[in-house]
Amino acid sequence: MPAHSDEDPRPLTMFGPDFPFAYDDWVSHPDGLGSIPEEALGTEVAVIGGGLSGLTAAYELAKLGLKPVVYEADRIGGRMRSDRFEGYSDELVAEMGAMRFPPSSTTLQHYFDAMGLQTHAFPNPLSDATPSTVIDLKGHSHYAHTVDDLPPEYGEVARAWDATLADYADAAELQDAIRDRDAQRIRAVWSRLVDQLDDQTFYGFLTASEHFRSFAHRELFGQVGFGTGGWDTDYPNSMLEILRVTCTAADDHHRGVVGGSDQLPKRLWDTPFDGERSVRDLNGGEHRPAVTAIRRTSGPDGGPRYTIVDAGGETRTYPAAIFTGQSWMLLNTIDCDDDLLPIDHWTAVERTHYMGSSKVFVLVDRPFWRDQDPATGRDTMSMTLTDRMSRGTYLLDHGPDSPAVICLSYTWSDDSLKLLPLDVNARMDLMLKSLGEIYPNVDIRSHVIATPKTVSWETERYFMGAFKANLPGHYRYQERLFTHFKQDRLDPRHRGFFLAGDDISWTAGWAEGALQTALNAVWGVVRHLGGASHASNPGPGDVFDEIAPVRLGDERGSRA
Ligand SMILES: Cc1cc2nc3c(=O)[nH]c(=O)nc-3n(C[C@H](O)[C@H](O)[C@H](O)COP(=O)(O)OP(=O)(O)OC[C@H]3O[C@@H](n4cnc5c(N)ncnc54)[C@H](O)[C@@H]3O)c2cc1C
């Protein structure tokens with residue numbers, strides 16, 4: 001974005017724009033997240049899902065003196081899934097889900113630090129950590145270190161995007177307010193944008209911009225995107241989804257986790273929260289299996305209880321439960337009471353739209369791409385963005401004498417669907433064919449030393465896709481889901497069951513958002529069990545009314 005350089009001392013963080021609450025400050029405050037009444041200490045709380053949000057919630061609940069009981073259907077980590085190659089170092093990971101994290105994810109960074117994890121610069125296109133980049137479109141390849149090495153139309157597209165954000169999305173004002181953490185200024189700009197753009201697709205937004213009158217520019221922009229790879233598979237999504245990413249620098253300066261991103265949820269499970277006991281210890285060393293049914297029952301006080309049946313045949317009842325799986329699981333996998341949620345929330349869950357995503361990884365003997373081609377003086381192979389089937393190829397170097405990992409292909413939506421019928425070897429063959437057309441003299445296959453790995457999130461049993469993406473007109477649904485933790489607005493019979501995780505987040509597809517919703521649920525559970533935040537460290541529900549997301553009315557441009 002044009003108005004601020006990276007040298008600005010005020011960091012741009014994922015602070016809002018929908019709900020500008022400082023989660024990073026809240027979790028790192030020395031007074032902690034609140035307290036629970038003496039008589040409620042040790043209360044069991046069901047945490048459904050052992051991904052990042054479930055385990056963050058479990059860890060924080062345990063610190064507060066509660067007993068989280070974790071249910072996980074698949075494996076600890078969820079979409080922080082780092083596959084390893086048998087017989088090789090654990091450092092060599094294929095990041096099947098989340099693989100790169102912006103420094104603007106400051107709450108996530110808090111947990112990386114707390115769990116002793118290190119990060120490294122991720123080799124995105126044209127980034128400083130990337131030796132070279134090849135952009136291959138319409139049969140023409142361009143070798144580059146910076147955007148200035150590319151033909152002039154690439155620079156024109158970059159400028160058109162900056163100018164569009166400045167002229168049509170108040171980008172400078174919004175980012176300035178985020179840097180200042182000025183919640184009221186953020187709300188003023190963002191409310192206006194929500195009014196104007198909830199009905200608009202990303203593609204519609206571009207076509208409405210005088211800077212993108214050229215179809216060729218829109219096409220090029222779709223293929224190359226604005227930092228990490230092509231964004232044309234996002235063209236049908238709501239423009240608000242894109243603005244949330246660009247205005248909070250979520251797509252900038254990415255870092256990878258040394259040794260694999262799954263270590264964060266695994267360490268939240270294994271690391272003592274009080275110097276002695278871990279969440280795993282509280283669970284007797286094992287999480288419970290998949291949840292198969294959730295019933296709303298009632299306790300001796302007449303208040304709601306949540307009776308949970310699991311795949312091991314066990315039934316347990318809790319005064320509070322947090323659900324962190326993809327929300328459609330409540331419709332197609334778990335047998336839920338109809339009245340578990342208010343009908344408006346069910347509607348919002350039903351409308352959830354998911355993006356598919358597939359990845360294909362190979363392990364190679366060494367980072368051969370760094371060899372110089374004597375004829376051209378260029379790297380043998382480069383980080384590659386292309387309109388061919390592979391779309392994005394990322395090269396993950398672990399030192400000159402070590403095996404290395406290639407993400408041969410990372411695709412979304414339609415591009416991912418096209419791969420579904422193919423098994424892992426067929427996928428590898430297809431990607432090697434694509435890359436063979438770009439690098440005819442490089443025998444990538446001869447370097448492959450292990451069975452390739454692949455995933456398509458839309459066919460994983462306990463997932464609906466890679467992540468939710470709101471379509472135009474979905475703002476109202478999203479607002480209901482995100483604010484579900486503030487339950488004083490709900491009928492008492494609907495209190496105590498909390499939706500959290502990536503689906504509930506304003507920035508689905510970004511771990512920071514999933515974390516934020518887990519922390520909202522923690523606040524909600526504390527309140528539900530009669531506890532409270534410390535006055536010195538108010539939580540998201542305590543300041544809710546001052547910073548609540550705008551509520552749209554029935555008519556376009558009207559407020560509820
Ligand atoms: C391909 C891909 C790329 C991504 N890239 C990035 C990135 O670069 N940067 C970034 O910040 N984020 C990225 N993300 C998003 C990030 O991975 C998520 O935001 C985060 O991991 C979500 O955590 P969660 O706990 O909300 O959900 P999940 O990780 O999905 O956890 C939910 C858990 O619930 C379990 N579950 C489901 N049904 C049941 C049941 N019936 N009973 C018990 N358990 C159940 C699931 O098995 C799962 O483990 C990416 C995700 C994907 C898939």
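For ligands, and for the atoms within them, numbers begin at 1 and follow the listed sequence. The residues of the chain are indexed from 1 along the displayed sequence.
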Ligand 1 N/O to protein N/O, distances under 3.5 Å:
{"unit_1": "ligand 1", "atom_1": "8 (O)", "unit_2": "Arg100", "atom_2": "N", "d": "3.3"}
{"unit_1": "ligand 1", "atom_1": "8 (O)", "unit_2": "Arg100", "atom_2": "O", "d": "2.9"}
{"unit_1": "ligand 1", "atom_1": "9 (N)", "unit_2": "Arg100", "atom_2": "O", "d": "2.8"}
{"unit_1": "ligand 1", "atom_1": "11 (O)", "unit_2": "Ala511", "atom_2": "N", "d": "2.8"}
{"unit_1": "ligand 1", "atom_1": "12 (N)", "unit_2": "Gly509", "atom_2": "O", "d": "2.9"}
{"unit_1": "ligand 1", "atom_1": "12 (N)", "unit_2": "Ala511", "atom_2": "N", "d": "3.3"}
{"unit_1": "ligand 1", "atom_1": "14 (N)", "unit_2": "Gly509", "atom_2": "O", "d": "3.2"}
{"unit_1": "ligand 1", "atom_1": "17 (O)", "unit_2": "Arg79", "atom_2": "O", "d": "3.4"}
{"unit_1": "ligand 1", "atom_1": "19 (O)", "unit_2": "Asp502", "atom_2": "OD1", "d": "2.6"}
{"unit_1": "ligand 1", "atom_1": "25 (O)", "unit_2": "Leu52", "atom_2": "N", "d": "3.1"}
{"unit_1": "ligand 1", "atom_1": "25 (O)", "unit_2": "Ser53", "atom_2": "N", "d": "2.8"}
{"unit_1": "ligand 1", "atom_1": "25 (O)", "unit_2": "Ser53", "atom_2": "OG", "d": "2.6"}
{"unit_1": "ligand 1", "atom_1": "26 (O)", "unit_2": "Ser53", "atom_2": "OG", "d": "2.7"}
{"unit_1": "ligand 1", "atom_1": "26 (O)", "unit_2": "Asp502", "atom_2": "N", "d": "2.9"}
{"unit_1": "ligand 1", "atom_1": "27 (O)", "unit_2": "Arg79", "atom_2": "NH2", "d": "3.1"}
{"unit_1": "ligand 1", "atom_1": "29 (O)", "unit_2": "Arg79", "atom_2": "N", "d": "2.7"}
{"unit_1": "ligand 1", "atom_1": "30 (O)", "unit_2": "Arg79", "atom_2": "NE", "d": "2.7"}
{"unit_1": "ligand 1", "atom_1": "30 (O)", "unit_2": "Arg79", "atom_2": "NH2", "d": "3.1"}
{"unit_1": "ligand 1", "atom_1": "41 (N)", "unit_2": "Val291", "atom_2": "O", "d": "3.1"}
{"unit_1": "ligand 1", "atom_1": "42 (N)", "unit_2": "Val291", "atom_2": "N", "d": "2.9"}
{"unit_1": "ligand 1", "atom_1": "44 (N)", "unit_2": "Ala73", "atom_2": "N", "d": "3.1"}
{"unit_1": "ligand 1", "atom_1": "47 (O)", "unit_2": "Glu72", "atom_2": "OE2", "d": "2.6"}
{"unit_1": "ligand 1", "atom_1": "49 (O)", "unit_2": "Glu72", "atom_2": "OE1", "d": "2.7"}
{"unit_1": "ligand 1", "atom_1": "49 (O)", "unit_2": "Glu72", "atom_2": "OE2", "d": "3.1"}

Partners passing salt bridge (charged side-chain N to carboxylate O under 4.0 Å, His left out) against Glu72 (at least two apart in sequence or in another chain)
none

Can Thr307 and Thr317 be counted as having a side-chain donor-acceptor contact under 3.5 angstrom?
yes

Any idea how Phe544 and Phe19 line up, ring-wise: parallel (<30°), tilted (30 to 60°), or perpendicular (>60°)?
tilted

Suppose we screen for salt bridge (charged side-chain N to carboxylate O under 4.0 Å, His left out). Which residues come up paired with Asp423, at least two apart in sequence or across chains?
none

Residues Arg280, Asp270: salt bridge by 4.0 Å N-O rule:
yes

Tell me, please, which residues at least two apart from Lys486 pass salt bridge (charged side-chain N to carboxylate O under 4.0 Å, His left out).
Asp488

